[in-house]
Number of protein chains: 2
Amino acid sequence: MERTIVDYQEGSVQEKLQKILGDVEEDGGTCPIRNILVRFSDKWSTLSIFHLGDAGTLRFNELKKRVDGISQRMLTVTLRNLERDGIVTRRVYPEIPPRVEYQLTDLGRSLLVQIIELGDWASNHSNQIIEARSRFDAREGRVIDSVSLN
Amino acid sequence: MERTIVDYQEGSVQEKLQKILGDVEEDGGTCPIRNILVRFSDKWSTLSIFHLGDAGTLRFNELKKRVDGISQRMLTVTLRNLERDGIVTRRVYPEIPPRVEYQLTDLGRSLLVQIIELGDWASNHSNQIIEARSRFDAREGRVIDSVSLN
DNA sequence: CTGTATCCTTTAAGATACTG
DNA sequence: CAGTATCTTAAAGGATACAG
């Protein structure tokens, strides 16, 4: 079902797009597809999924060490949301000091495949993007970095 | 350390992940891969790319009509950023009233393929995710919806 | 060790009014 | 038509202190 990294290159990309657009715009903002895309596109979720996919099982602080720059609060929030969505499992061992282990579910691993492809794309095209940014900034003479157009 | 990813791996998914992790954590936060993942994962960018991919060429207000709920300001900001990154082209026709047409670049179309796959994944797994959320919320007795853990 | 709770600052983004 | 500019609110996220 989702293991085919190969055949989504040639399949019916067009049909998939039509289907997504139908789902995504049908109820303006509340649809699950939008919701899911937004959720899985945040920085900390992506990085956490990468690291759990790489390591298999990680304790809270092990994961925290790997996800460079994440605060304790954001790791907690991120993991709760991923757990809620069925992407990771959380196992608590009643020891002192407590041990809590996280790992990807099957669903999480199938998502991982998708975001690896996206990350791979980013990796392979980063030079093109950086060059495009330079050209644009040279043309415009100013930087429109992230958002505010003020 | 176990490698659960091996289970479904056929090509070089594992290698891709290693490469991404190397890139992504090497300079903690400023690397282009992180930057790019964050940029292309925001809601309005994704939806704009979908619609431009579907329609081919769209004027500002045509696109605005299709991307349900987007404000004028956010469409402007989104399109500027996509233009800057080399994902869309912006062509201005010196007419009155002005006409401005947007379309995906080759780079943009190659990105489109990736996010279609992600959208397709979301579409195919939305039921699983919704069910997981219900189970979690029933277990926890409260909703941890988006972020604040207060 | 694995969190929670609070406070506080920054950023995102909607609404509205105005312009070439 | 296709934006800009400005104002304001909402949300994200960091820092710190504390708890089981």
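By convention in this document, chain letters (A, B, ...) are assigned in the order of the sequence lines, proteins followed by strands, and residues within each chain are numbered from 1. The figures that follow rest on heavy atoms only: side chains count, while hydrogens, waters and symmetry mates do not.
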[X] has an atom [atom1]; how far is it from atom [atom2] of [N], in whole Å?
{"X": "A/N81", "N": "C/dG3", "atom1": "CG", "atom2": "P", "answer": "14 Å"}
{"X": "A/L75", "N": "C/dT4", "atom1": "CG", "atom2": "P", "answer": "11 Å"}
{"X": "B/R91", "N": "D/dG3", "atom1": "CZ", "atom2": "P", "answer": "14 Å"}
{"X": "A/L79", "N": "C/dT4", "atom1": "CG", "atom2": "P", "answer": "11 Å"}
{"X": "B/R99", "N": "C/dG20", "atom1": "CZ", "atom2": "C1'", "answer": "18 Å"}
{"X": "B/L63", "N": "D/dA2", "atom1": "CG", "atom2": "P", "answer": "10 Å"}
{"X": "A/E62", "N": "C/dG3", "atom1": "CD", "atom2": "P", "answer": "13 Å"}
{"X": "A/E101", "N": "C/dC1", "atom1": "CD", "atom2": "C1'", "answer": "13 Å"}

Item to check | Any A/Y102 side-chain N or O less than 4.0 Å from OP1/OP2 of C/dC1 | outcome: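 No, outside the criterion.
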
Next on the checklist: Can you tell me if A/R80 touches the phosphate of C/dT2, counting only side-chain N or O atoms and a distance under 4.0 Å to OP1 or OP2?
Outcome noted: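 Answer is no, no contact under 4.0 Å.
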
Checklist entry - To the nearest 10 degrees, what angle separates the axes at the start and end of the helix from C/dC1-D/dG20 to C/dG20-D/dC1, five pairs each? => result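 Here the local axes at opposite ends form an angle of 50°.
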
Checklist entry - Can you name the ring pair (Phe, Tyr, Trp, His ring centres under 6.0 Å) partners of A/H125, sequence neighbours left out? => result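 Residues passing ring pair (Phe, Tyr, Trp, His ring centres under 6.0 Å) with A/H125: A/W121.
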
Under the side-chain hydrogen bond (donor to acceptor under 3.5 Å, both in side chains) rule, collect the residues that match up with [X], sequence neighbours excluded.
{"X": "B/S123", "answer": "A/K19, A/D23"}
{"X": "B/D106", "answer": "B/R109"}
{"X": "B/E101", "answer": "B/Y93, B/R99"}

Item to check | A/Q18, CD: over 12 other non-hydrogen atoms inside 6.0 angstrom | outcome: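 More than 12 within 6.0 Å, yes.
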
Item to check | side-chain contact (heavy atoms from CB on, under 4.5 Å) partners of B/S71, counting only residues at least two apart | outcome: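 side-chain contact (heavy atoms from CB on, under 4.5 Å) check on B/S71 returns B/R73, B/M74.
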
Name every donor-acceptor pair, under 3.5 Å, that has one atom in a side chain of residues 56-66 of chain B and the other anywhere in the protein, sequence neighbours excluded.
| from | atom 1 | to | atom 2 | distance (Å) |
| --- | --- | --- | --- | --- |
| B/T57 | OG1 | B/Q103 | OE1 | 3.0 |
| B/R59 | NH2 | B/P98 | O | 3.4 |
| B/E62 | OE1 | B/R59 | N | 2.8 |

Polar atoms only, N or O, under 3.5 Å: list the protein pairs with nucleotides 14-20 of chain D and their distances.
| from | atom 1 | to | atom 2 | distance (Å) |
| --- | --- | --- | --- | --- |
| D/dG14 | OP2 | A/S71 | OG | 3.4 |

Checklist entry - Residues two or more places apart in sequence or in another chain: which of them pass salt bridge (charged side-chain N to carboxylate O under 4.0 Å, His left out) with B/D120? => result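 Salt bridge (charged side-chain N to carboxylate O under 4.0 Å, His left out) list for B/D120, sorted by chain: A/K16.
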
Checklist entry - If you measure from CG on A/L111 to CG on A/L82, what distance do you get to the nearest 0.5 Å? => result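 One gets 8.5 Å once the value is rounded to the nearest 0.5 Å.
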
